[in-house]
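A quick write-up on the structure given underneath.
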Amino acid sequence: TYSGTWSLGTPPTTIGTQNLVFNASFNANADMAGCSCTVNTGNVIIKSGKILTITNGVTVNSPGTLTFEDSSSLVQINNTAVNSGDINYIRNFTGGEFDYTYWSSPVALQNLQTLSPNTKLDKFFYFNSLLNDWMQVDPSTTTMDAGKGYIIRGVPPPAGPPVGFGTKTF
């Protein structure tokens, strides 16, 4: 249990029988593991590149929050585990306007247009395994299914001269 300090000294890093319970804000700057994870209060942030490995379920009770920064992961061993509450993922797209990025949601109900609001509406696709092909979808009405593959094309650059360029009069 974390309430400003860990009740057993340090957060667990190997999969075992310890339950992770958060009663205060915590920044995970190292990998952590546990049997289950419960966030009661505070903002729990799994920092970029770090992994939270949980054997069973994750529960986030309001007003607590659980956020995974870009390049961090939640790994769950029991694929029938039930999660509840809001779990936030921050993912950064670093490609260009003509680059597609592959996405898959670990949770259901993420609206595609909310995921990438500035992408042109005809640049959202999902993979149809029956047809073995990518199919265009309407991002305003499509929500991601857990574990289903999607691709979204990059955002066009803003109109006008590139940022950092100006005009010079001679």
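Scope of the values below: all heavy atoms of this structure, side chains included, with no hydrogens, waters or symmetry mates. Nothing here was measured: the structure is a model prediction, and the numbers come from that model.
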| message | Under the rule for side-chain hydrogen bond (donor to acceptor under 3.5 Å, both in side chains), what residues qualify as partners of Q113, not counting sequence neighbours? | response | none

| request: Verify, without hydrogens or angle tests, whether Y150 (side chain) and T101 (backbone) share a donor-acceptor contact under 3.5 angstrom. | output: no

| message | Other residues, nucleotides and ligands only: do more than 12 of their heavy atoms fall within 6.0 Å of CG on N27? | response | yes

| Mind checking whether F68 and Y89 have parallel, tilted or perpendicular rings, split at 30° and 60°? | parallel

| task | Spell out, as yes or no, whether a donor-acceptor pair under 3.5 Å connects the side chain of N111 to the backbone of T114. | result | yes

| task | Locate the shortest heavy-atom distance separating I54 from C35; write the atom from each residue and the value. | result | CG2-O, 3.5 Å

| field | Among D31, L74, V44, the one residue meeting side-chain contact (heavy atoms from CB on, under 4.5 Å) with L52 | value | L74

| task | Classify the side-chain pair T41/N23 by whether it contains a donor and acceptor separated by less than 3.5 Å. | result | no

| Y2: ring pair (Phe, Tyr, Trp, His ring centres under 6.0 Å) partners, not counting sequence neighbours | W6, F26

| query | Who passes side-chain hydrogen bond (donor to acceptor under 3.5 Å, both in side chains) against N88, sequence neighbours left out? | reply | none

| With the 4.5 Å side-chain cut-off for hydrophobic clustering, are Y126 and F124 part of the same group? | yes

| Is there a donor in the side chain of N56 and an acceptor in the side chain of N78, or the other way round, less than 3.5 Å apart? | yes

| task | For S7, enumerate each residue passing the side-chain hydrogen bond (donor to acceptor under 3.5 Å, both in side chains) test, keeping only those at least two apart in sequence or located in another chain. | result | none

| said: Tell me whether the NZ or CZ atom of K123 lies within the 45° cone about the ring axis of Y100 and under 6.0 Å from its centre. | reply: no

| said: List the residues meeting side-chain hydrogen bond (donor to acceptor under 3.5 Å, both in side chains) with S36, not counting sequence neighbours, and say none if there are none. | reply: N19

| said: Can you list everything that forms a side chain to side chain contact (heavy atoms under 4.5 Å, CB included) with T59? Sequence neighbours excluded, please. | reply: T38, N61, S84

